[in-house]
Amino acid sequence: TFASFGVATILVVAIAMLFSINTSPFAGRDGKWVTSRNIKDRLEKELLTNVSLRVEPTDSADSLKVLGRGELQLAILIETMRREGFELGVSNPEVITHAGEDGVRREPLEAFSIDVPETFMGVVLEKMALRKGRMTKMVNHGSGRVRLEFHVPTRGLIGIRTELLTDTRGTAVMNSLLEGW
């Protein structure tokens, strides 16, 4: 949590990734900022303006754990850093869980809505079922498009946007919102 103007606010983070120095055979060829100190300084600068990120140290001096709201937010940060000349390696995204009041580990649950042409409704339902999505609402306005709403764990949404855009030939419009734990 962090305090802002006397009001306690919970900083909600659902995804974590490790940012580290590039250890590939081609390290040092593309970027001008390649050390862990450069990466740490850039992430500290980002924290000044991006209140939805958190950066934590790790056991290794060469990497930092970056926590954010979602996969897209972290992807934008990575791409921005690469365009600025930073050369870094990143891990796969990892969903953050919290212990509930009863001691049970809980994962983030999201409300996911997708608007697609009727012809692609079957493939969307199939993909979401494979990712533990539970349909809560379906609206067909008779215009040829259907809006489907799901409750789905955040881990089920990692990588789904690309799959659904491919399966619907780029016609899907998607939105997700953290619902709870």
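Values below: all heavy atoms of this structure, side chains included; hydrogens, waters and symmetry mates excluded. Treat the numbers as computed from the prediction; the structure is a model and nothing was measured. For this chain, numbers begin at 1 and follow the sequence in order.
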K.L.:
Applying a strict under-4.5 Å side-chain criterion to I, L, V, M, F, W and Y, I'd like to know whether Leu18 and Leu53 cluster together.
P.N.:
no
K.L.:
Under the side chain to side chain contact (heavy atoms under 4.5 Å, CB included) test, which residues partner Glu71, sequence neighbours left out?
P.N.:
Ile158
K.L.:
Enter the distance from Leu67:CG to Met17:CE here, rounded to the nearest 0.5 Å.
P.N.:
11.5 Å
K.L.:
Can you confirm whether the side chains of Thr80 and Arg42 place a donor and an acceptor under 3.5 Å from each other?
P.N.:
no
K.L.:
What's the separation between atom CD1 in Ile96 and atom CD1 in Ile15, rounded to the nearest 0.5 Å?
P.N.:
7.5 Å
K.L.:
Identify the two heavy atoms, one from Lys127 and one from Asp167, that lie closest to each other, and give their separation to 0.1 Å.
P.N.:
CE-OD2, 2.6 Å
K.L.:
Return the set of residues passing salt bridge (Lys or Arg N to Asp or Glu O under 4.0 Å) with Asp62 (not counting sequence neighbours), or none when no residue passes.
P.N.:
none
K.L.:
Would you please name every residue forming a side chain to side chain contact (heavy atoms under 4.5 Å, CB included) with Lys137, sequence neighbours left out?
P.N.:
Val139, Glu149
K.L.:
Applying salt bridge (charged side-chain N to carboxylate O under 4.0 Å, His left out), which residue pairs with at least one partner in residues 90-104 are found, sequence neighbours left out?
P.N.:
Asp102-Arg106
K.L.:
Going by heavy atoms in the side chains, are Ser176 and Arg161 under 4.5 Å from each other?
P.N.:
yes
K.L.:
Salt-bridged, Glu163 to Arg131, with N to O below 4.0 Å?
P.N.:
yes
K.L.:
Apply the hydrophobic cluster definition, ILVMFWY joined by side-chain contacts under 4.5 Å directly or through others, and give me every member besides Leu165.
P.N.:
Phe112, Ile114, Val116, Phe120, Met121, Val123, Val124, Leu125, Met128, Met135, Met138, Val146, Leu148, Phe150, Val152, Leu157, Ile160, Leu164, Met174
K.L.:
How does the hydrophobic cluster around Val104 look, that is, which other residues are in it when side-chain heavy atoms under 4.5 Å mark a link?
P.N.:
none
K.L.:
Does His151 have any side chain to side chain contact (heavy atoms under 4.5 Å, CB included) partners at least two apart in sequence or in another chain, and if so, which?
P.N.:
Leu109, Arg134, Thr136, Glu179
K.L.:
In Å and rounded to the nearest 0.5 Å, what is the OG to CD distance from Ser52 to Glu46?
P.N.:
8.5 Å
K.L.:
Identify, with sequence neighbours excluded, every residue that meets side-chain hydrogen bond (donor to acceptor under 3.5 Å, both in side chains) alongside Thr97.
P.N.:
Arg105
K.L.:
I'd like to check the salt bridge (Lys or Arg N to Asp or Glu O under 4.0 Å) partners of Arg145; sequence neighbours left out, ordered by chain and number.
P.N.:
Asp115
K.L.:
Regarding Arg37 and Asp41, does a basic nitrogen lie under 4.0 Å from an acidic carboxylate oxygen?
P.N.:
yes
K.L.:
For residues 87-110, which residue pairs pass the ring pair (Phe, Tyr, Trp, His ring centres under 6.0 Å) check, not counting sequence neighbours?
P.N.:
His98-Trp181
K.L.:
Output all residues satisfying side chain to side chain contact (heavy atoms under 4.5 Å, CB included) with Leu43, sequence neighbours left out; order by chain, then residue number.
P.N.:
Phe19, Ile39, Val55, Leu64, Val66, Leu77, Met81
K.L.:
Got a sec, which hydrophobics cluster with Ile76, joining ILVMFWY side chains under 4.5 Å apart, including via others?
P.N.:
Leu72
